[in-house]
Amino acid sequence: MSARRKLVVGNWKMHGSRAGNAELLRGILAAGPCAAELAVCAPFPYLADVATALAGSALAWGAQDCSAHEQGAYTGEVSAAMLAELGCRFVIVGHSERRALHRESDLLVAEKAAAALAHRLVPIVCVGETLLQREHAQTEVVVQRQLGAVLALLGERAREIVVAYEPVWAIGTGRTASPEQAQAVHAVLRAQLAAATGQGASMRILYGGSVKPDNAATLFAQPDIDGGLIGGAALKAADFVAIGRACP
Ligand code: 13P
């Protein structure tokens with residue numbers, strides 16, 4: 001039995017509305033407590049609403065990105081300090097959609113993780129290979145390079161991060177990594193975390209990519225899978241709660 005508490009995080013991406021979010025959060029809260037830790041990562045404009053709705057509850061919340069910069073002339077960016085002031089606990093950094101659509105480099109992702117930690121936010125650092133990279137047997141090289149950039153910049157501070165393995169080919173496709181495929185990559189990542197921080201055994205590594213209520217339990221039963229980062233299924237309270245409850 002692992003000492004790591006399971007964590008299930010909903011990444012709402014660019015979905016929602018004030019009324020819709022309120023209903024979704026009500027639905028999640030109405031389901032009552034869960035053995036796993038649950039959190040939702042909302043779009044920036046909704047964070048204040050989410051903070052109010054979740055005040056005093058066990059449901060944590062966070063953002064989907066932050067700036068690598070402390071403050072200044074960075075139009076459109078949101079700093080880690082701003083998120084911390086609002087009461088954010090988590091911030092996703094390096095999601096594959098940002099790496100692909102906004103050309104975020106491994107170094108930039110590492111700098112964002114550092115900015116988050118400097119303000120006591122927990123960065124959820126995403127790594128993952130494309131289908132082409134998997135087909136060329138590059139999976140380990142790619143995820144180790146992505147995580148390696150973060151570990152090189154953070155050093156021992158990396159003990160505070162959460163890692164999310166999200167194979168790009170499994171995101172939003174309905175094509176989930178098999179529990180064995182995911183476990184194999186998680187084991188590689190944990191060994192890398194252990195070598196860099198000396199505390200790999202206590203760090204959480206989430207799986208993301210088409211996690212649904214019917215496949216969550218077998219994924220979360222793997223020894224190195226400590227929960228999930230959930231996209232589409234996090235937009236329905238019943239599905240999100242069912243995934244949270246699928247944690248052993
Ligand atoms: P889906 O669960 O919709 O595949 O999205 C996964 C994801 O990208 C979470 O960050």
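In listed order, ligands and their atoms are each counted from 1. The figures here come from the full heavy-atom set of this structure, side chains too, leaving out hydrogens, waters and symmetry mates.
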- Task: Can you sort out the partners of His186 under ring pair (Phe, Tyr, Trp, His ring centres under 6.0 Å), two or more places apart, ordered by chain and number?
- Result: Tyr165
- Is there a donor in the side chain of Gln64 and an acceptor in the side chain of Trp12, or the other way round, less than 3.5 Å apart? no
- Could you give the distance from CG (Leu7) to CG (Asp226), rounded to the nearest 0.5 Å? 9.0 Å
- Query: Side chain of His95, backbone of Glu97: donor and acceptor closer than 3.5 Å?
  - Reply: yes
- Query: Is the shortest side-chain N to carboxylate O distance from Arg98 to Glu104 below 4.0 Å?
  - Reply: yes
- Message: Check this for me, if you would: do Glu140 and Arg134 make a salt bridge, where the nitrogen-to-carboxylate-oxygen distance has to be below 4.0 angstrom?
- Response: no
Output, or 'none' if empty, a list of ligand 1-protein atom pairs in which both atoms are N or O and the distance is under 3.5 Å, rounded to 0.1 Å.
from, atom 1, to, atom 2, distance (Å)
ligand 1, 2 (O), Gly231, N, 2.9
ligand 1, 3 (O), Gly232, N, 2.8
ligand 1, 4 (O), Gly172, N, 2.6
ligand 1, 4 (O), Ser210, N, 2.8
ligand 1, 5 (O), Lys13, NZ, 3.4
ligand 1, 8 (O), Lys13, NZ, 2.8
ligand 1, 8 (O), His95, NE2, 2.8
ligand 1, 8 (O), Glu166, OE1, 3.4
ligand 1, 10 (O), Asn11, ND2, 3.0
ligand 1, 10 (O), His95, NE2, 2.9
ligand 1, 10 (O), Glu166, OE1, 3.2
ligand 1, 10 (O), Glu166, OE2, 2.9

